[in-house]
Amino acid sequence: MDESNSAKGRDSFDVETGNTLVHFFNRNVTPYATSTLGPKFDLVPVESQKDLMVNAARMHAQQEYDRILELVSVLQRQADDIKRRLDITDWVRAAKYDFQTYHGQTYWLVQDTRHNCTRLVHTGPDDWNTGIPAGYVYVCQVQWLGDYTWQEIS
């Protein structure tokens, strides 16, 4: 038979299992007790541990997913608002008007059905003494912003 502790390690020894000699058995690298003097342990129910881990992972991932979707919806609303501002800006640019516009001031976009055009006017639908002119259909109130875009005022 081979000599005992063939690796001559300080924390290792040879062990005999059945009729076989296992060289260099190191008790420091095994997760289980190697003698009756070691601490008592129970086997871990691996499948239930896996289920718990997967459930926790899914819960946290779902929370992150929901948070990201919330951020995406905020960005989508902002993008829609900017798109609307650009559309209004194009609409005002195409409108007819004969006065100086000023930043921060509000005006009205009107569809003039008599002359088949869009107009930018100072007066709102409630500002006329004699009533809204024939053919005027008020579309929206707009304001000129400092970045040279127009936004709809609700």
Side-chain angles (χ1 to χ4, degrees), residues 7 9-13 15 17 22-129 131-154:
R10 185 177 66 187
D11 294 323
S12 63
F13 59 93
V15 68
T17 58
V22 178
H23 296 282
F24 192 66
F25 182 79
N26 187 340
R27 71 179 64 185
N28 292 329
V29 296
T30 179
Y32 305 110
T34 56
S35 72
T36 58
L37 300 175
K40 180 181 177 200
F41 69 92
D42 290 326
L43 293 175
V44 176
V46 174
E47 288 303 315
S48 64
Q49 283 295 103
K50 284 181 181 179
D51 289 343
L52 290 174
M53 290 179 347
V54 166
N55 288 340
R58 285 187 185 278
M59 180 188 71
H60 291 293
Q62 187 65 46
Q63 287 173 343
E64 284 299 304
Y65 181 78
D66 293 343
R67 187 180 65 80
I68 289 170
L69 283 182
E70 185 179 326
L71 292 172
V72 166
S73 70
V74 167
L75 291 174
Q76 184 63 50
R77 280 193 306 272
Q78 289 175 343
D80 292 343
D81 290 346
I82 290 171
K83 175 74 169 103
R84 178 70 178 159
R85 273 181 36 204
L86 292 173
D87 291 343
I88 294 289
T89 300
D90 289 342
W91 206 353
V92 170
R93 185 184 175 283
K96 293 183 179 183
Y97 58 94
D98 297 323
F99 54 87
Q100 178 70 41
T101 56
Y102 295 98
H103 292 286
Q105 296 299 311
T106 58
Y107 306 94
W108 289 90
L109 273 175
V110 175
Q111 189 68 38
D112 185 351
T113 57
R114 285 180 46 193
H115 296 101
N116 198 22
C117 66
T118 304
R119 296 188 182 277
L120 186 68
V121 296
H122 287 286
T123 51
D126 300 326
D127 297 335
W128 297 95
N129 290 334
I132 299 173
Y136 270 27
V137 177
Y138 278 85
V139 178
C140 63
Q141 188 176 18
V142 294
Q143 181 180 32
W144 195 22
L145 302 178
D147 63 355
Y148 292 90
T149 62
W150 292 80
Q151 84 175 4
E152 183 175 2
I153 305 297
S154 24

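When reading the values below, keep in mind they use all heavy atoms of this one structure, side chains included, and skip hydrogens, waters and symmetry mates.
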**Q** Thinking salt bridges, do Asp80 and Arg85 make one under a 4.0 Å N-O criterion?
**A**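 Arg85 and Asp80: not salt-bridged.
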**Q** Would you confirm whether Thr89, through its side chain, and Thr149, through its main-chain N or O, come within 3.5 Å as a donor-acceptor pair?
**A**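 No, because the side chain of Thr89 does not come within donor-acceptor range (under 3.5 Å) of the backbone of Thr149.
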**Q** Just checking Glu70: does its CD atom have more than 12 heavy atoms from other residues, nucleotides or ligands closer to it than 6.0 angstrom?
**A** no
**Q** Does the gap between the ring centers of Tyr107 and Tyr102 come in under 6.0 Å?
**A**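 No: the rings miss the under 6.0 Å criterion.
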**Q** How close do Arg119 and Ala95 get, heavy atom to heavy atom, and via which atoms?
**A**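 Looking at all heavy atoms of both residues, the shortest contact is C-CB, 4.0 Å.
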**Q** Going by the rule salt bridge (Lys or Arg N to Asp or Glu O under 4.0 Å), which residues pair with Asp81 if we only count those two or more places apart in sequence or in a different chain?
**A**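 For Asp81 there are no salt bridge (Lys or Arg N to Asp or Glu O under 4.0 Å) partners, ignoring immediate neighbours.
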**Q** With side-chain contact (heavy atoms from CB on, under 4.5 Å) as the test, pick out the partner of Cys140 among Leu109, Ile153, Val110.
**A** Leu109
**Q** Quick one, Leu120 with Trp144, criterion side chain to side chain contact (heavy atoms under 4.5 Å, CB included). Give me CA distance, side-chain angles, the key distance, then yes/no.
**A** CA-CA 12 Å; Leu120 186 68; Trp144 195 22; over 6 Å; no
**Q** Can you name the residues that form a salt bridge (Lys or Arg N to Asp or Glu O under 4.0 Å) with Arg84, not counting sequence neighbours?
**A**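 In terms of salt bridge (Lys or Arg N to Asp or Glu O under 4.0 Å), with neighbours along the sequence ignored, Arg84 is linked to Glu152.
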**Q** Report yes or no: do Thr118 and Gln111 form a side-chain donor-acceptor pair below 3.5 Å?
**A** yes
**Q** Heavy-atom count around Asn116 CG within 6.0 Å, excluding the residue itself: above 12?
**A**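 Incorrect, the count does not exceed 12.
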**Q** To the nearest 0.5 Å, how far apart are CD in Gln76 and NZ in Lys83?
**A** 12.0 Å
**Q** Apply the side-chain contact (heavy atoms from CB on, under 4.5 Å) test between His122 and each candidate in Trp108, Tyr97, Phe99; give the one that qualifies.
**A** Phe99
**Q** Can you tell whether the side chains of Glu64 and Arg67 come within less than 4.0 Å, N to carboxylate O?
**A**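 Salt bridge: yes.
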**Q** Quick one: CZ on Arg58 to NE2 on His60, what's the gap to the nearest 0.5 Å?
**A** 13.5 Å
**Q** For Tyr136 and Asp112, run side chain to side chain contact (heavy atoms under 4.5 Å, CB included): C-alpha distance rounded to whole Å, both residues' side-chain angles, the deciding distance at 0.1 Å, then the answer.
**A** CA-CA 5 Å; Tyr136 270 27; Asp112 185 351; 3.9 Å; yes
**Q** Could you walk me through whether Tyr138 and Thr123 pass the side chain to side chain contact (heavy atoms under 4.5 Å, CB included) check?
**A** CA-CA 10 Å; Tyr138 278 85; Thr123 51; 4.0 Å; yes
